[in-house]
Protein chains: 2
Amino acid sequence: MPRPRSLTPEQLASAALAVIDRDGLAGLSMRAVAKELGMSTMGLYRYVADRDELERLVVERVLGAVDTEPPEPGAPWRERVTVLAGRLRATVGAHPEVVPLTVTHRHHSLGVLRWSETVLAVLTEAGVEGERRVVVLRALLGYVIGAIQLEHLGPLSGPGTTALAALPAAEFPLMAATARDARTVDADREFLGGLALLLDGITV
Amino acid sequence: MPRPRSLTPEQLASAALAVIDRDGLAGLSMRAVAKELGMSTMGLYRYVADRDELERLVVERVLGAVDTEPPEPGAPWRERVTVLAGRLRATVGAHPEVVPLTVTHRHHSLGVLRWSETVLAVLTEAGVEGERRVVVLRALLGYVIGAIQLEHLGPLSGPGTTALAALPAAEFPLMAATARDARTVDADREFLGGLALLLDGITV
DNA sequence: CTTCGTAGGCGTATGCCGTACGCCTACTAG
DNA sequence: CTAGTAGGCGTACGGCATACGCCTACGAAG
């Protein structure tokens, strides 16, 4: 075997992630990443087939970092699911600019698969099985990724809330009121509160 | 006032949507939309400041089409929320290629705002108010957009399910089993089942 | 130690893209 | 009729992803 590869996929992903964290998602380009690595643009193509594959590496780098160790085996299953959901949220939250990429590439992520496997273990232990387990897992995953996006891309958190409070009161009286109420609900409470609703529903 | 505008924003959005539905999201370009409208590329810029604004028009065109009329006033609130959620899902489902765009531009959508207002009316009538109403609305919206994305961008539906069933059984025994179980759960049951869990949680 | 095959890496070139800019044209209000 | 504004077009530029072909560095086989 001649000449070992000098760059690992992990190094590629880290370089791309550094570009994104510094210049935003719009700053991501093959040229920028190559420069970040100190190599020529075309050198990159020795490691990835195209930009899409590079994006997949970035998503896997971010999502693969989620801690999927089974949390505190003694704890009630609700708490364990909550811990797992919180970990996924925190992992993505560390790189908010990547969120739009995760939307398109999530399904290739081993990290999410491992996370799901751990969640399934907790659910199974709690007696959830068969088709119900399918539905519950999908509901949890759906809620978590939706909530993450609302948190990082939506209004109702930060400046959006005040913008929303200024809506035409005639047409959106309840939205305006809700935006006002939302000022005292921080992102953590919102995420955990919604998750608690879902967990309540699973308990029933 | 000289010379009236010859194109409405709605016409612009429809042309762009036609391009997307025909050539996919990747086929969307200022040139393609201009050609679709039978005008020169730069003519488009009389109507939109940039591509971003065109995308926003498309999202608004799609999301604005959701029926936000209060559903059957006599029905229980659970059913009414279910109907509203289903409408949003169906509206987006009519143009799956647009889903990634909705992620980045949803917050500008009057359609979603109107939808939320109607949901809030139902919730309020059901006795949900204050901070709890904030959390419930966000949870519902989070679940619905997350579920829509899982449905249109994820595996576990269609070919993804079988791909998932072929995972290394040693590392993902539960995922494999769940993928097998998922074959008998269609997208409707999955969506409605998860939503029912959330509604159960709200009821508690 | 030599040789040879493979992968690494680079530069060039192509064809898209968004869009800045300046021109002529069609229209309508006075 | 005339003036002024908005509509519309063509050209041009810089940045993008990437196909292609070249030289180079390396490690294994002889």
Side-chain angles (χ1 to χ4, degrees), chain A residues 1-61 97-98 100-105 108, chain B residues 1-61 97-98 100-105 108:
Chain A
M1 294 298 131
R3 201 159 174 192
R5 290 184 99 78
S6 44
L7 253 41
T8 65
E10 212 273 348
Q11 287 174 296
L12 286 198
S14 293
L17 195 53
V19 170
I20 292 174
D21 286 340
R22 180 168 13 92
D23 304 328
L25 185 55
L28 181 69
S29 73
M30 300 302 277
R31 285 163 161 83
V33 175
K35 184 175 292 184
E36 181 78 20
L37 287 166
M39 70 194 323
S40 83
T41 305
M42 293 315 289
L44 262 188
Y45 285 87
R46 285 278 157 196
Y47 298 94
V48 292
D50 52 20
R51 181 195 165 110
D52 213 64
E53 190 176 326
L54 181 63
E55 290 183 357
R56 259 179 276 136
L57 286 178
V58 171
V59 170
E60 187 53 38
R61 163 72 212 273
E97 287 282 333
V98 180
L101 288 188
T102 66
V103 173
T104 350
H105 297 293
H108 300 294
Chain B
M1 293 301 129
R3 197 154 176 198
R5 288 184 100 78
S6 44
L7 255 41
T8 65
E10 212 273 347
Q11 286 173 296
L12 287 198
S14 294
L17 196 53
V19 171
I20 292 174
D21 286 340
R22 176 166 18 90
D23 304 329
L25 185 54
L28 180 69
S29 73
M30 301 302 278
R31 285 167 164 86
V33 174
K35 184 174 291 183
E36 181 77 20
L37 287 165
M39 72 192 321
S40 82
T41 305
M42 294 314 290
L44 262 187
Y45 285 87
R46 286 279 159 196
Y47 297 93
V48 292
D50 52 19
R51 182 195 163 110
D52 212 66
E53 190 175 328
L54 181 64
E55 290 183 357
R56 259 180 275 135
L57 286 178
V58 171
V59 171
E60 187 53 38
R61 164 72 213 275
E97 286 281 332
V98 181
L101 287 188
T102 65
V103 173
T104 350
H105 297 293
H108 299 296

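First the proteins, then the strands, lettered A, B, ... as listed; each starts at 1.
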Between D:dG8 and B:Arg46, counting only base atoms on the nucleotide and side-chain atoms on the residue, is there a donor-acceptor pair under 3.5 Å?
yes

Does B:Arg31 make a side-chain donor-acceptor contact with the base of C:dG18, cut-off 3.5 Å?
yes

Under-4.0 Å side-chain N/O to phosphate OP1/OP2 contact, B:Tyr47 with D:dG8
yes

Between A:Gly27 and A:Met42, just flag the one whose closest nucleotide in DNA chain D comes earlier from the 5' side.
A:Gly27

Round to the nearest Å and state the distance from A:Leu7 atom CG to C:dG8 atom P.
10 Å

Compare the minimum distances between each of D:dG8, C:dC10, D:dT18 and the side chain of A:Met39, then state the nucleotide with the smallest one.
C:dC10

Rounded to the nearest angstrom, tell me the gap between atom CG in B:Asp23 and atom C1' in C:dC16.
15 Å

Would you say that B:Leu28 contacts B:Val33 through its side chain, given a criterion of any heavy-atom pair below 4.5 Å between the two side chains?
yes

Measuring to OP1 and OP2 of C:dC17, would you say a side-chain N or O of B:Ser29 lies under 4.0 angstrom away?
yes

Do B:Asp52 and B:His105 come close enough that some side-chain heavy atom pair is under 4.5 Å?
yes

Starting at CG of B:Leu44 and ending at P of D:dC9, how long is that distance when rounded to a whole Å?
10 Å

How many Å lie between CG on B:Asp50 and C1' on D:dG15, as a whole number?
17 Å

Nearest-Å distance, CG (B:Leu28) to P (C:dC16)?
17 Å

Nucleotide nearest A:Ser40 when distance is taken to its side chain, options C:dC10, D:dA17, D:dG10
C:dC10

Once rounded to the nearest 0.5 Å, what's the spacing between atom CZ of A:Arg46 and atom CG of A:Leu44?
12.0 Å

State, with a plain yes or no, whether a side-chain heavy atom of A:Leu7 is found less than 4.5 Å away from one of A:Met39.
yes

From CG (B:Leu101) to CZ (B:Arg56), nearest 0.5 Å:
12.0 Å

Indicate the atoms forming the closest heavy-atom contact of B:Ala18 with B:Glu36, along with that distance.
CB-OE2, 3.7 Å

Counting heavy atoms from C-beta on, name the nucleotide in D:dA17, D:dT18, C:dT19 closest to the side chain of B:Thr41.
C:dT19

Whole Å only: how far is the CE atom of B:Met30 from the P atom of C:dG18?
7 Å

Grab the OH-C1' distance between A:Tyr45 and C:dT12 for me, whole Å please.
15 Å

Go through residues 9-17 of chain B and report each residue with a non-hydrogen atom lying under 4.0 Å from DNA chain D, sorted by number.
none

Please report the distance, rounded to the nearest Å, between CZ in A:Arg51 and P in D:dT18.
8 Å

Quick check for you: to the nearest 0.5 Å, what is the distance between B:Lys35 atom NZ and B:Ser40 atom OG?
12.5 Å

